[in-house]
Each structure stands twice: as structure tokens, then as C-alpha cells.
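Worksheet for the structure shown next.
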Amino acid sequence: MALIDNISDLKQALSRQNLKMISNYDVEFYRIAESLFKNFAILVGNVEYRFVELEFYLNIKDETKGITYKRDTEAGEWLVHYSGFDLSFESSIKEEFYGGILIRAITSGDYDNEKKKYINGPLRCLLQVFKGINALDSDSKAPQIIESKSIKAEDIKELVVRTRHGIDEEKRSKSRYRYTIPLGLWPRDNGYKAYPAD
């Protein structure tokens, strides 16, 4: 399947219409994750943050019921919650079809600088991306997804795929819906307990 490289197609990929037609979520979630890593970023003011680690949640599968935050959202809305923040799928509580993509790790700029600071952990990402937004002024620092091709896109040949992190064993699915950039582009942070095992 072709990667997503523009906002319009990303919005379509996150739509209920698209997600309800999917027969293999492993393939579609992988495609969306790879597209976000290679072709998109979060713009906050004049700083671009690249995605490093993402987790996908969609309650229509039995294995994710009870762990997905309920929401009524348009495709691409931010949902701030107790665990961090999601890029939401088009969701409806009434239809019991809801979910999104938890942002677990990011970095500013591109993946090309080994000394760059990576922001690891969903709450740290939330605090970094949403800090300094002025509630009294119209603010250009509101985070938005933009088209931004990574200069390291060619180095992202195969994503690291794992089971979700931080969910108790009884509710954890065996599905591998947690994606990261290749570990060679993401320096190990020994303080980050969710860093994927080699």
C-alpha cells in the first residue's frame, strides 16, 4: 500500500469510513505509522516535532475494549487524557467506534542529530507540545499536524513493532500496535522504561 503524504489523505485514513472497511488492522496501522514518521510532523509555533513512538487504539476489536478512551471526535482532533494525548480517529461513542493514536515519544527537528533531545513518554510529550499556549490571545503555537518529509525517510525501512506498553497483562492484547522508528535513529534513554527491548 502507498504511504500517505498529504493532510487530506491522512484525514481520510483516520476516518470512520476508512477504518470500518479495514480487514487487516496490522497492515493499515503500520502504513499510517510509517506515513507519520516519514511524511508528517507536529508544528508548534516555529518548531517541528517528529514522531518517534506511537500506539494505536481502536475499541471495535474485542482486545482493545476497556482500554480505549471514549471520545466523540473528528478525524485528526487532539484528545488530551490522563495518559497523554492522541491524534484521534473519527469517533462516535454512540456507535461504539472510537480510538486514536497515542503519541509516546517525539523529537524536535529531524532524526539526523544524535545529540538531539528526545522527549520520551506520553505525558512528557503532552507537556512539551502543549506548553506556552496563551489562553487569552489567538495563538499560533497551537499544535497542528503538517506535511513534512523527513530527510531520514530512506533510513526508516522497517519500523519496530511491539505490543502496547503500560497496560496490565489481563487487558493487554497480543496485537502489536506500538510502532517506533528504527532504534538506530532513536538513542537509548536508560531512564525511559518503555524503550523497546532489542
Side-chain angles (χ1 to χ4, degrees), residues 2-15 18-19 28-57 69 71-91 99-156 159-160 177-182 185-187 189 192 194:
L3 291 185
I4 304 159
D5 62 4
N6 63 72
I7 294 293
S8 176
D9 288 347
L10 179 59
K11 190 171 185 176
Q12 173 59 29
L14 302 177
S15 73
N18 177 59
L19 294 168
E28 181 65 359
F29 287 171
Y30 189 101
R31 179 180 84 101
I32 294 170
E34 185 178 10
S35 298
L36 288 170
F37 293 138
K38 290 182 174 183
N39 296 328
F40 296 92
I42 303 171
L43 181 65
V44 181
N46 61 357
V47 179
E48 286 187 25
Y49 292 96
R50 297 216 78 83
F51 300 98
V52 174
E53 180 183 20
L54 304 168
E55 266 180 5
F56 286 63
Y57 292 86
Y69 287 104
R71 67 198 75 193
D72 284 306
T73 55
E74 296 296 319
E77 272 187 44
W78 294 121
L79 177 75
V80 175
H81 50 71
Y82 297 114
S83 302
F85 72 112
D86 294 355
L87 178 63
S88 288
F89 299 135
E90 181 182 7
S91 299
I101 304 166
L102 176 66
I103 314 303
R104 292 194 55 86
I106 57 175
T107 189
S108 60
D110 214 324
Y111 307 116
D112 58 335
N113 183 349
E114 289 183 14
K115 294 183 181 184
K116 181 178 302 204
K117 182 176 169 147
Y118 283 71
I119 297 103
N120 296 322
L123 288 174
R124 287 182 179 154
C125 291
L126 171 67
L127 294 173
Q128 182 68 36
V129 168
F130 284 86
K131 75 177 181 184
I133 296 175
N134 192 321
L136 302 177
D137 293 323
S138 100
D139 199 324
S140 63
K141 289 176 82 175
Q144 61 182 325
I145 300 292
I146 61 165
E147 297 166 14
S148 175
K149 186 162 179 72
S150 170
I151 62 172
K152 301 297 267 182
E154 293 301 316
D155 295 333
I156 304 174
L159 305 183
V160 176
Y177 295 148
R178 177 175 166 226
Y179 305 92
T180 77
I181 60 174
L185 296 176
W186 184 17
D189 175 351
Y192 184 47

>> Applying the side-chain contact (heavy atoms from CB on, under 4.5 Å) criterion to Cys125, which one of Leu102, Val52, Ile42, Ile106 satisfies it?
In response: Ile106

> Between Ile103 and Leu54, is any pair of side-chain heavy atoms under 4.5 Å apart?
Replying inline: yes

> Mind checking whether Leu10 and Asn39 have side chains closer than 4.5 Å, heavy atoms only?
Replying inline: no

> Going from OH on Tyr49 to CG on Leu43, what distance comes out if it is rounded to the nearest 0.5 angstrom?
Replying inline: 10.0 Å

> Is the closest side-chain heavy-atom distance between Ile156 and Pro182 below 4.5 Å?
Replying inline: yes

>> For a quick test of reading the model, state the closest non-hydrogen atom pair linking Pro143 to Trp78 and the distance between them.
In response: O-NE1, 2.9 Å

> When rounded to the nearest 0.5 angstrom, what distance separates CG in Leu14 from CG in Asp9?
Replying inline: 11.0 Å

> Between Arg50 and Ser148, do the side chains contain an N or O donor and an N or O acceptor separated by less than 3.5 Å?
Replying inline: yes

> If every non-hydrogen atom of Leu159 is compared with every non-hydrogen atom of Ala33, which pair is closest and at what distance?
Replying inline: CD1-CB, 4.0 Å

>> Within this structure, what is the OH-CZ distance for the pair Tyr192 and Arg124, rounded to the nearest 0.5 Å?
In response: 9.0 Å

>> Within the 4.5 Å heavy-atom criterion, are Ile4 and Phe40 side-chain neighbours or not?
In response: yes

>> Which heavy atom of Ser88 sits nearest to which heavy atom of Thr73, and what is that distance?
In response: CB-OG1, 3.4 Å

>> Measuring only between side-chain heavy atoms, which start at C-beta, is Tyr57 closer than 4.5 Å to Tyr177?
In response: no

>> Is the shortest side-chain heavy-atom distance between Asn18 and Glu28 below 4.5 Å?
In response: yes

> Given side chains that start at C-beta, do those of Trp186 and Asn120 come closer than 4.5 Å, heavy atoms only?
Replying inline: yes

>> Within this structure, what is the CD-CG distance for the pair Glu77 and Asp72, rounded to the nearest 0.5 Å?
In response: 9.5 Å

>> Is the ring pair Tyr69/His81 parallel, tilted or perpendicular, if the boundaries are 30 and 60 degrees?
In response: parallel

>> Can you tell me how the ring of Phe56 sits relative to the ring of Phe89, calling it parallel under 30°, perpendicular over 60° and tilted otherwise?
In response: tilted

>> I need the minimum non-hydrogen distance between Gly84 and Leu126, along with the two atoms involved.
In response: O-CD2, 3.8 Å

>> Nearest 0.5 Å, please: how far is CD in Gln144 from CD1 in Ile7?
In response: 8.0 Å

>> With rounding to the nearest 0.5 angstrom, report the CG to CD distance, Leu19 to Glu90.
In response: 8.5 Å

> How far apart are the closest heavy atoms of Ala153 and Lys38, and which atoms are they?
Replying inline: O-CE, 3.3 Å

> Mind checking whether Tyr111 and Asp155 have side chains closer than 4.5 Å, heavy atoms only?
Replying inline: no

> Can you name the closest pair of heavy atoms from Leu87 and Ile145 and give their distance?
Replying inline: CD1-CG1, 4.1 Å

>> Tell me whether Arg31 at atom CZ has more than 12 heavy atoms from other residues, nucleotides or ligands lying less than 6.0 Å away.
In response: yes

